[in-house]
Student: 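Before we start, here is the structure in question, set down as structure tokens.
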There are 2 protein chains.
Amino acid sequence: MADANLQQRLYQALRQALLDGRFQPGEALKIRDLASAWGTSPMPVRAALQRLVAEGALEGEPQRSVRVPPMTEARFRQLFEVRLSLEGLAAELACPRVTAEALAQLEAEVAEMDAALQRRDIRTYLAANSRFHLALYGACDNPLLLRLIESLWLQVGPFFNRLFTEADLNLRLNGFHDEACRALRTGDARAVRHAVEQDLRYCGQYLAGLLRLEADAPARKSGAAARAGRGASTRTRPGQSASALGIPSRAARG
Amino acid sequence: MADANLQQRLYQALRQALLDGRFQPGEALKIRDLASAWGTSPMPVRAALQRLVAEGALEGEPQRSVRVPPMTEARFRQLFEVRLSLEGLAAELACPRVTAEALAQLEAEVAEMDAALQRRDIRTYLAANSRFHLALYGACDNPLLLRLIESLWLQVGPFFNRLFTEADLNLRLNGFHDEACRALRTGDARAVRHAVEQDLRYCGQYLAGLLRLEADAPARKSGAAARAGRGASTRTRPGQSASALGIPSRAARG
DNA sequence: ATCGTTGTTTTGTGATCACAGAATGTCAAT
DNA sequence: ATTGACATTCTGTGATCACAAAACAACGAT
């Protein structure tokens, strides 16, 4: 996984950075900056960015810089309408195909999420949550569906992770995971789907609330450099976003 | 639409060629060939191909030529599972949002399809069919969903169109379109979804049958150059696939 | 003080070149 | 005749260069 094409590694790195919310919404990713940060030529960076644009993870108008799309209420609604449909389908398909080992892993993830919630360790919770859903959907025997779901995650990621790190959640969203596990044991595919859909709906409602809050209070602190309309005139200096990457930046040459 | 970036124009051209089934499944698209066919440098072609790979319309292993993926039963199943879910969702969402003009267009398309069927004009039928579904889904007020559906069409396209041009269809799949229109008038979203799903299922079942037939009879004539396993040793001469394009090939220079 | 204008810099895009890995084609040995 | 190794060609990938459009900043007019 570490080898392969340079552009594919850059793609993976950018993808992970996006999922971790290491880029500000609205932030412009400039080819030459990233290239110098990685110590490569602009070429593979260009390819990686174009691929992310093709997947909808980044937005780029014809002749302008590529930006990470800010989350709006409209986009959020669209995203969750599709997520509900697709992840529900994956869950339903996965039910009859899930193996004993997979089910064991799922329950282990639920346990870890419980523990993380009690420790108020959001980071670990989110990681276990991702693994839970991925392991569940992974059993659906439909790689195409899986790819689509992952591309959707990539589009929510930047917004999702950023908000969750700030928010203290006294809410219990692990109940739906437990419910899903029970339904999996029963073999009730509809119930599995319903549990996953409820999980998504619950989580989505919470995030929508946070989004509304952030929209009302337009960046009181240094955060959120760009609003929904047009990006503010904050000019980013070269190499600024380099710190957001894994910094494999081999000895800034030049 | 005709202007914009070179790579975007190439992308659109390739996309259309793919939708029209002008490329053989399994055929390898080589950068330099397409570039010389268009009279451009290999660079924008590379970008366009990579974008199509990112969307799943083409498949490409790391260091080898990009190919149009052959349709297999597994892939077909995966594709239609997702299509059913997504297009059903789009139809359901579109129902309460469809305008009077859109509905008029939909019924006009149905009429045209009827006429085309009686004339056994498959070409016109397919075009009207595309317009019908696109117009319906277009009312769903979810551009993201629309993009996903179009990318799915792009993946079925090469297979879909090729088979339909060969097959004489005495089947009546216009009934579901009519049913959808009636449900739209009633405002019964579930019924609209059901009609569209039935349409897809019916069409999919037919195509699956043809696929099975083609799989059993492995290319008795000159068609189908490559099978599912490994591509045959048919070595394509440069410029062969150029005829499949719009041939904007400006005076082969050199 | 604000807005329109102009000159400079930045930044994406396309072309050409260079390199490495894969595929193919040839030839010799069994 | 088939199979193995070897040489050649092809093809994707990355680097560097050149150009045009967009963004930015400074300036001048109202």
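Just so we're clear, the structure is a prediction, and the values are computed from it rather than from any experiment. Protein chains get the first letters and strands the later ones, always in sequence-line order, with residue 1 at the start of each. Just so it is clear, the values below take in all heavy atoms, side chains as well, and ignore hydrogens, waters and symmetry mates.
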Student: Assuming nearest nucleotide by heavy-atom distance, tell me which of B/P44 and B/R32 is located more 5' along DNA chain C.
Tutor: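 Whichever sits nearer the 5' end wins; that is B/P44.
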Student: In terms of side-chain geometry, is the basic nitrogen of A/R64 or A/E61 positioned less than 4.0 Å from the acidic oxygen of its partner?
Tutor: yes
Student: Can any side-chain N or O of A/R22 pair as donor or acceptor with the backbone N or O of A/L18 at less than 3.5 Å?
Tutor: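 No, because the side chain of A/R22 does not come within donor-acceptor range (under 3.5 Å) of the backbone of A/L18.
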Student: Look at the side-chain N and O atoms of B/R64 and state whether any lies under 4.0 Å from the OP1 or OP2 oxygen of C/dA23.
Tutor: yes
Student: According to a strict under-4.0 Å criterion, is A/S65 in side-chain N/O contact with OP1 or OP2 of C/dT11?
Tutor: no
Student: Using residues 128-139 of chain B as the side-chain source, report each donor-acceptor pair under 3.5 Å to any protein atom, sequence neighbours left out, with the distance given to one decimal.
Tutor:
unit_1 : atom_1 : unit_2 : atom_2 : d
B/N129 : OD1    : B/H133 : NE2    : 3.4
B/N129 : OD1    : B/H177 : NE2    : 3.3
B/S130 : OG     : B/L126 : O      : 3.4
B/R131 : NE     : B/E109 : OE1    : 3.2
B/R131 : NE     : B/E109 : OE2    : 3.0
B/R131 : NH2    : B/E109 : OE1    : 3.3
B/R131 : NH2    : B/E112 : OE1    : 3.3
B/H133 : ND1    : B/Y137 : OH     : 3.0
B/H133 : NE2    : B/H177 : NE2    : 3.4
B/H133 : NE2    : B/D199 : OD2    : 3.0
B/Y137 : OH     : B/E87  : OE1    : 2.5

Student: Give the rounded distance in Å between these two atoms: NZ of B/K30 and C1' of D/dC10.
Tutor: 8 Å
Student: How close or far is atom P of C/dT13 from atom CE of A/M43, stated in whole angstroms?
Tutor: 12 Å
Student: If I take atom CG in residue B/D33 and atom C1' in nucleotide D/dC10, what distance separates them, rounded to the nearest angstrom?
Tutor: 10 Å
Student: Identify all side-chain donor-acceptor contacts of residues 46-53 of chain B below 3.5 Å with residues at least two apart in sequence or on another chain.
Tutor:
unit_1 : atom_1 : unit_2 : atom_2 : d
B/Q50  : NE2    : A/Q7   : OE1    : 3.0
B/R51  : NE     : B/E55  : OE2    : 3.3

Student: I need the CD1-P distance between B/I31 and C/dA22, as an integer number of Å.
Tutor: 16 Å
Student: Take atom CG of B/L6 and atom C1' of C/dA15, then tell me their distance rounded to the nearest Å.
Tutor: 11 Å
Student: Using whole Å, report how far CG of A/L10 lies from C1' of D/dT13.
Tutor: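 That distance rounds to 12 Å.
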Student: Using whole Å, what does the distance between atom C1' of nucleotide C/dG12 and atom CG of A/L29 come to?
Tutor: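 For the pair A/L29 CG and C/dG12 C1', the rounded distance is 14 Å.
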Student: Test for a donor-acceptor pair under 3.5 Å between the base of C/dG14 and the side chain of A/R46, counting only N and O atoms.
Tutor: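 A donor-acceptor contact between them is present.
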Student: Whole angstroms only, please: what is the CD-C1' distance between B/Q50 and C/dT13?
Tutor: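 After rounding, the reported distance stands at 14 Å.
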Student: Return no unless some side-chain N or O of B/Q63 is found under 4.0 Å from OP1 or OP2 of D/dT11.
Tutor: no
